[in-house]
Amino acid sequence: MSNELERDGAAVQSVDRALSVLRLLARHGDLGVSEIAAELGVHRSTAFRLVMTLELHELVEQTADRGKYRLGVGIVRLAGAATVRLDVVRESRASGERLAAAVGETVNVAILDRDEALYVDQMAGPSALQAYNWAGRRVALHATSNGKVLLAHAPEERFEQLAAGPLRPFTDLTVTDAGLLREELDAVRRRGYATAADELEIGLTAVAAPIFNVEGAVVASMSVSGPTFRLPSERLPKVAEQVMAAADEVSSRLGWHGNEDRKALTA
């Protein structure tokens, strides 16, 4: 037990020191390894290992003056992702609550996180009694309506990476053929929404639409999900219209003004 506690303590200390390196670079702009070691009160070799680990993850990078380090692009990516997530959650709450009340089912908002969809917020409708909380859950892109929306608007490389490996069959209705999935994603872009009926779980159906930012890039998706018996195929087109309208409201608050373009695209 004592050895395990010692290892845990050493790991926590390393994380603390790595964060201290980032704070130092944020304050000073750029520093050499010897300067970092002096600021932290550690041996130069320890500071060097910390910097190398941070550089591996692109959190720091060398400046033109070799031996000096500054904050790297990885920090920008993390900050950008956090900002997008906060903006989306803040701006989607009111529209999501109205949508949940109108449809009577659960509304979820998701963002693309590497090769999965990450649910960042959830609003429950009056019919969604004791709804499962999806916020914070990661789900497969190919088996969910939110995932399909995000994948449909992601760079082609993302699809190629996903299609390179086997697509997991969550149910007998999950699309596991890369060619069929590509065709479905094409349809998602054309009509402006995606559906997933019994593909992630038997008895669960969802409809999702994209949320755009000021530059017209898809930064999130909004979905309505509920029991398949309450969201039968004949009801999905109407629900899709409601989801797209709510997603457009959020997009407008994020600075997007392409509503008319999408109306023309899906007409």
Side-chain angles (χ1 to χ4, degrees), residues 1-93 108-123 132-141 144 146-147 150-151 154-155 157-158 161-162 165 211 213 215 217-221 254:
M1 176 65 74
S2 61
N3 289 338
E4 183 177 344
L5 290 175
E6 288 175 4
R7 286 196 299 270
D8 289 346
V12 171
Q13 185 183 53
S14 294
V15 172
D16 183 68
R17 285 173 172 172
L19 293 174
S20 294
V21 172
L22 296 178
R23 284 194 291 268
L24 285 171
L25 294 178
R27 184 163 67 247
H28 295 285
D30 57 72
L31 291 171
V33 174
S34 296
E35 293 170 304
I36 293 172
E39 290 277 358
L40 295 180
V42 300
H43 194 276
R44 189 179 187 281
S45 61
T46 299
F48 181 76
R49 288 194 298 271
L50 290 170
V51 170
M52 288 301 97
T53 301
L54 292 170
E55 185 177 27
L56 180 64
H57 293 282
E58 298 185 313
L59 297 177
V60 305
E61 61 187 16
Q62 289 198 47
T63 66
D65 181 8
R66 303 290 290 181
K68 293 277 190 177
Y69 291 86
R70 64 187 177 193
L71 295 178
V73 295
I75 292 291
V76 177
R77 294 195 191 103
L78 291 175
T83 300
V84 167
R85 185 181 305 184
L86 291 172
D87 286 347
V88 167
V89 170
R90 181 177 62 249
E91 300 299 344
S92 64
R93 171 58 64 165
N108 285 293
V109 177
I111 62 172
L112 184 65
D113 190 38
R114 299 193 179 186
D115 58 351
E116 295 176 306
L118 172 63
Y119 286 81
V120 295
D121 202 8
Q122 175 175 301
M123 289 69 74
Y132 175 82
N133 188 359
W134 290 76
R137 181 177 174 182
R138 300 172 188 274
V139 295
L141 297 175
T144 59
N146 276 314
L150 296 170
L151 187 59
E157 297 78 40
R158 186 62 57 90
Q161 292 170 1
L162 186 68
I211 294 173
N213 66 8
E215 297 172 346
V218 172
V219 293
S221 61
L254 291 175

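Position 1 is the first residue of the sequence; numbering continues from there. Keep in mind that this is a model prediction, so the values were computed, not measured.
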Taking the side chain as every heavy atom from C-beta outward, state whether [X] and [Y] have any atom pair closer than 4.5 Å.
| X | Y | answer |
| --- | --- | --- |
| L24 | L31 | yes |
| T53 | L59 | no |
| M52 | R49 | no |

If I compare all heavy atoms of [X] with all of [Y], which pair ends up nearest, and what's the gap?
| X | Y | value |
| --- | --- | --- |
| N108 | Q122 | OD1-OE1, 3.0 Å |
| V109 | I211 | CG1-CD1, 4.4 Å |
| A110 | A117 | CB-CB, 4.5 Å |
| Y69 | T63 | C-CG2, 4.2 Å |
| L25 | V60 | CD1-CG1, 3.5 Å |
| L50 | A18 | CD2-N, 4.1 Å |

Notebook entry, point to check: Within the distance-only criterion (no hydrogens, no angle test), does the side chain of R158 pair as donor or acceptor with the backbone N or O of R114 below 3.5 angstrom?
Noted result: yes

Notebook entry, point to check: What residues, two or more places apart in sequence or in another chain, satisfy side-chain hydrogen bond (donor to acceptor under 3.5 Å, both in side chains) together with S221?
Noted result: N146

All N/O donor-acceptor pairs, side-chain side in residues 32-43, below 3.5 Å, sequence neighbours left out:
residue	atom	partner	partner atom	Å
S34	OG	R44	NE	3.0
E35	OE1	G32	N	2.6
E35	OE1	K68	NZ	3.0
H43	ND1	S45	N	3.0
H43	ND1	S45	OG	3.0

Checklist line | Partner of R70 under side-chain hydrogen bond (donor to acceptor under 3.5 Å, both in side chains), chosen from E61, Q62, H28 | finding: E61

Margin query: For a quick check under 3.5 Å, do S20 and R17 share a side-chain donor-acceptor pair by atom type?
Written below: no

Notebook entry, point to check: Just how far is it from atom CD1 of I111 to atom CD of E116, taken to the nearest 0.5 Å?
Noted result: 11.5 Å

Note to self: Run L141 and L112 through side-chain contact (heavy atoms from CB on, under 4.5 Å) and show every step you take.
What the structure shows: CA-CA 9 Å; L141 297 175; L112 184 65; 3.7 Å; yes

Checklist line | salt bridge (charged side-chain N to carboxylate O under 4.0 Å, His left out) involving R93 - partner list, sequence neighbours excluded | finding: E97, D121

